Visitor: 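Supplied in structure tokens, the structure appears directly below.
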Amino acid sequence: MRLIRKILKGGFVGRSGLDQKDMMIARGSRARDLLAQAALRPTRQRLAVAEHLFAAGGRHVSAIGLHDELARQGTRVSLCCIYSSLRRLSEIGLIHRVPVYGETAYFDTQVSHHHHFYVAHEDRLIDVPSGTIKIHGVPAAPEGYDLIGIDVVLRLKPSRQPRP
């Protein structure tokens, strides 16, 4: 498994003699492992989602954005399959769901606790540097509920530039 992680991060490319076919096999193995952890059958569509989602390392993606990326590379995957795969991977903790507004959410492949900037006019997330937000005075959860996390999303817009 460590070998596959290093391969996916590019740690052995060029030094070990791995060619493009070896890389695709490693990505496919990693994708199958992830789907097995999520108790999802490794269908062609789900494998494509998992391979694409984790190939680039840490990233933020919406279901529609992932669908568009896959379509641009010529991979046909139903939007329903993408939503269900992202939801299941999130439920088991392999990715983190970041609610932005209403029902709109992004999915983050970096699952360590951190907060986000949301750039509204670009519809994208940026990680807030770790340790820069301090939260004090968190109220107790209402009766019958447990607090499971605090997600801070700081919304951004372009600054107005003073005119000369």
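Basis for what follows: all heavy atoms, side chains included, without hydrogens, waters or symmetry-related copies. In this text the structure is predicted, and so the values were computed from the model without any measurement.
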Visitor: Do H113 side-chain atoms and D151 backbone N/O form a donor-acceptor pair below 3.5 Å?
Guide: no
Visitor: Is there a side-chain contact (heavy atoms from CB on, under 4.5 Å) between V128 and F117? Walk through the geometry before answering.
Guide: CA-CA 6 Å; V128 171; F117 292 110; 3.7 Å; yes
Visitor: Using the rule that two of Ile, Leu, Val, Met, Phe, Trp, Tyr join whenever any of their side-chain heavy atoms come within less than 4.5 Å, decide whether I92 and F107 are in one cluster.
Guide: yes
Visitor: Answer yes or no: is there a donor N or O on one side and an acceptor on the other, between the side chain of S90 and the main chain of L86, under 3.5 Å?
Guide: no
Visitor: Using a 3.5 Å distance criterion without hydrogens, assess whether the side chain of Y83 forms a donor-acceptor pair with backbone atoms of I64.
Guide: no
Visitor: Going by the angle between their ring planes, with limits at 30° and 60°, are H114 and H60 parallel, tilted or perpendicular?
Guide: tilted
Visitor: Please give me the minimum heavy-atom distance between R155 and V100, naming the atom from each residue.
Guide: NH2-O, 2.6 Å
Visitor: Give the C-alpha distance, both sets of side-chain angles, the deciding distance and a yes or no for side-chain contact (heavy atoms from CB on, under 4.5 Å) between V98 and L125.
Guide: CA-CA 9 Å; V98 181; L125 291 179; 3.9 Å; yes
Visitor: So, for Y145 and A141, which heavy atoms are closest and what is the spacing to 0.1 Å?
Guide: O-CB, 3.4 Å
Visitor: Please confirm whether the backbone N or O of V119 pairs with a side-chain atom of H121, one donor and one acceptor, at under 3.5 Å?
Guide: no
Visitor: Hey, does H116 have a side-chain heavy atom less than 4.5 Å from the side chain of I126?
Guide: no
Visitor: Give me the atom names and distance for the closest heavy-atom approach of Y118 to V153.
Guide: CB-CG1, 3.6 Å
Visitor: How long is the span from the NE2 atom in H52 to the CD atom in Q73, to the nearest 0.5 Å?
Guide: 5.0 Å
Visitor: Check whether any side-chain heavy atom of I135 sits under 4.5 Å from a side-chain heavy atom of V152, and report yes or no.
Guide: yes
Visitor: Just so I know, are the side chains of V61 and I95 near enough to count as touching, which here means a heavy-atom distance under 4.5 Å?
Guide: no
Visitor: Indicate yes or no for a side-chain donor-acceptor contact from S84 to the backbone of C80 under 3.5 Å, with no hydrogens or angles considered.
Guide: yes
Visitor: As a quick check of understanding, evaluate side-chain contact (heavy atoms from CB on, under 4.5 Å) for H115 and L154, giving each step before the final call.
Guide: CA-CA 8 Å; H115 304 291; L154 304 160; 5.9 Å; no
Visitor: Work out which heavy atom in S62 is nearest to a heavy atom in Y106; give both atom names and the distance.
Guide: N-CD2, 3.7 Å
Visitor: Rounded to the nearest 0.5 Å, how far apart are CZ of R46 and CG of L40?
Guide: 5.0 Å
Visitor: Do any N or O atoms from the side chain of R76 and from the backbone of A71 form a donor-acceptor pair under 3.5 angstrom?
Guide: no
Visitor: State, yes or no, whether a side-chain contact exists between V49 and Q45 at a heavy-atom distance under 4.5 Å.
Guide: no
Visitor: Side chains of Q110 and H96: do they bring a donor and an acceptor to under 3.5 Å?
Guide: no
Visitor: Between the side chain of T109 and the main-chain N/O of R59, is any donor-acceptor distance below 3.5 Å?
Guide: yes
Visitor: For a quick test of reading the model, state the closest non-hydrogen atom pair linking L35 to P42 and the distance between them.
Guide: CD1-CA, 3.7 Å
Visitor: Look at the side chain of H67 and the backbone N and O of V77, then say whether any donor-acceptor pair between them is shorter than 3.5 Å.
Guide: yes
Visitor: Just so I know, are the side chains of R32 and L47 near enough to count as touching, which here means a heavy-atom distance under 4.5 Å?
Guide: yes
